[in-house]
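Before any comments, here is the structure.
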Amino acid sequence: MPELPEVETIVRRLQPLVVGSTIEQVEVRKEKSFQGSLDAVVGATMLSVERRAKFIRLQLDNNYNLLVHLKMTGQLIYVSSTTRVGGGHPTADWVDELPSKHTRVIISLSKSAQLFFNDQRIFGWIKVMSDDEVRFIFDQLGPDVIDASVTPDYLYEKLQGRSIAIKQAIMDNSVMSGLGNIYACDALNRAKIHPARPAKSLSKPEVAELLSQSKQVLELGIKLGGATIEHFMHIDGFSGRYQDVTAVYGREGEACYNCGGTISKIKLGGRGTYLCEGCQE
DNA sequence: ACTCTTGTTAAAAC
DNA sequence: GGTTTTAACAAGAG
């Protein structure tokens, strides 16, 4: 499930490969996965690749964009003659022939490169949007967790009057964006805060510590190339490494690194939540 | 056959 | 209006 570090990993690796490339053809294999007119994108050249929250923005040279959201199972795989020949095949087990049965969109680029959008569950999408439409979407979002504008004071104020669980609050994109289930669970454990506590019950120092840990786990996730759990993979099919160092996510029954307690799993807001009852209060 | 999985949003409920 | 809860989306694993 791609969160901020996973999306950032994709963007950083895709950017140098596709900027300057021209979109020659788009094959839509699943209507739901590609929304908007092809007229605005075929023939256009890519100007930049950016991330905002968990969105990927492929900016074109004609005031249009391809906005991509991977949701839970989306993948972007980049293949070109040079990456295939020069880099060899990845060892990851994704190497069923492309396109696979989950390939929903194939974008053919200049220099014989192809960008495959795979998405098992078809929750993800690619939308053709004008610059104004993209700006409108982005303006609705709270700032990225790792953005300098997200300070302890900012977060503390945002949490006042909110009775929802702190875990749900820090995953609320209107508060701040980028944290999903994996990194939210880990940040709360590292900050030793119980995920079910009412958001407004946290003291200012607790908010400061939680925010600090949130930024740290996201930065660590970026450094390790994201977490390959379920479906996430790099654009060349390789895996990230954050899944090997999670604090609590996916570690039910194992020992907490803070206190040695046993990690348990509860349900919060309909979502699986890992925590250590021993040290998270 | 049934439950469980998740990011986001829309709608209903307060 | 703001906040909170619930369901829906889809497909596959167990």
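Lettering of chains follows the sequences in order, A, B, ..., and the numbering in each one begins at 1. Here the structure is a predicted model, which means the values were calculated and not measured.
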- Task: Using the heavy-atom set of chain A and a strict 4.0 Å cut-off, write down the first and last nucleotide of DNA chain C that makes it in, 5' to 3'.
- Result: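 With heavy atoms of chain A under 4.0 Å away, the range is C:dT3 to C:dG12.
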
- Task: Could I get the full list of side chain to side chain donor-acceptor pair (under 3.5 Å) partners for A:Thr45, not counting sequence neighbours?
- Result: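 Once residues adjacent in sequence are excluded, the partners of A:Thr45 under the side chain to side chain donor-acceptor pair (under 3.5 Å) criterion are A:Thr22.
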
- Task: For the pair A:His69 and A:Phe55, name the ring-plane relationship: parallel under 30°, tilted 30 to 60°, perpendicular over 60°.
- Result: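 Because their plane-to-plane angle is over 60°, the rings of A:His69 and A:Phe55 count as perpendicular.
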
- Do A:Asn65 and A:Arg57 have side-chain atoms, one donor and one acceptor, less than 3.5 Å apart?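 A pair is found: one side chain offers a donor N or O, the other an acceptor, under 3.5 Å apart.
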
- Face-on cation placement of A:Arg251 at A:Tyr257 ring, 6.0 Å and 45° thresholds: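 Flagged: A:Arg251 positioned over aromatic ring of A:Tyr257.
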
- Message: Set out, in order, the CA-CA distance, both residues' side-chain angles and the distance that settles salt bridge (Lys or Arg N to Asp or Glu O under 4.0 Å) for A:Asp144 and A:Arg51, then state yes or no.
- Response: CA-CA 10 Å; A:Asp144 282 11; A:Arg51 179 195 59 75; 2.7 Å; yes

- A:Val150 and A:Pro143: which non-hydrogen atoms are nearest, and at how many Å?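 Smallest interatomic distance, heavy atoms only, reads CG2-CG, 3.6 Å.
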
- Item | Among A:Leu66, A:Asp131, A:Val19, A:Leu67, side-chain contact (heavy atoms from CB on, under 4.5 Å) partner for A:Gln59 |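 Of the listed residues A:Leu66, A:Asp131, A:Val19, A:Leu67, the side-chain contact (heavy atoms from CB on, under 4.5 Å) partner of A:Gln59 is A:Asp131.
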
What does [X] touch in the nucleic acid at a heavy-atom separation under 4.0 angstrom: a base, only the sugar-phosphate, or nothing?
X	value
A:Ser163	sugar-phosphate
A:Lys267	sugar-phosphate
A:Gly124	nothing
A:Tyr183	nothing

- Query: Is the distance between the ring centroids of A:Tyr242 and A:Tyr183 less than 6.0 Å?
  - Reply: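 Close enough - the centres of the two rings lie under 6.0 Å apart.
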
- Query: Once each nucleotide of nucleotides 7-14 of chain B is scored for protein heavy atoms under 4.0 Å, what B/S/- sequence comes out, 5' to 3'?
  - Reply: BB------

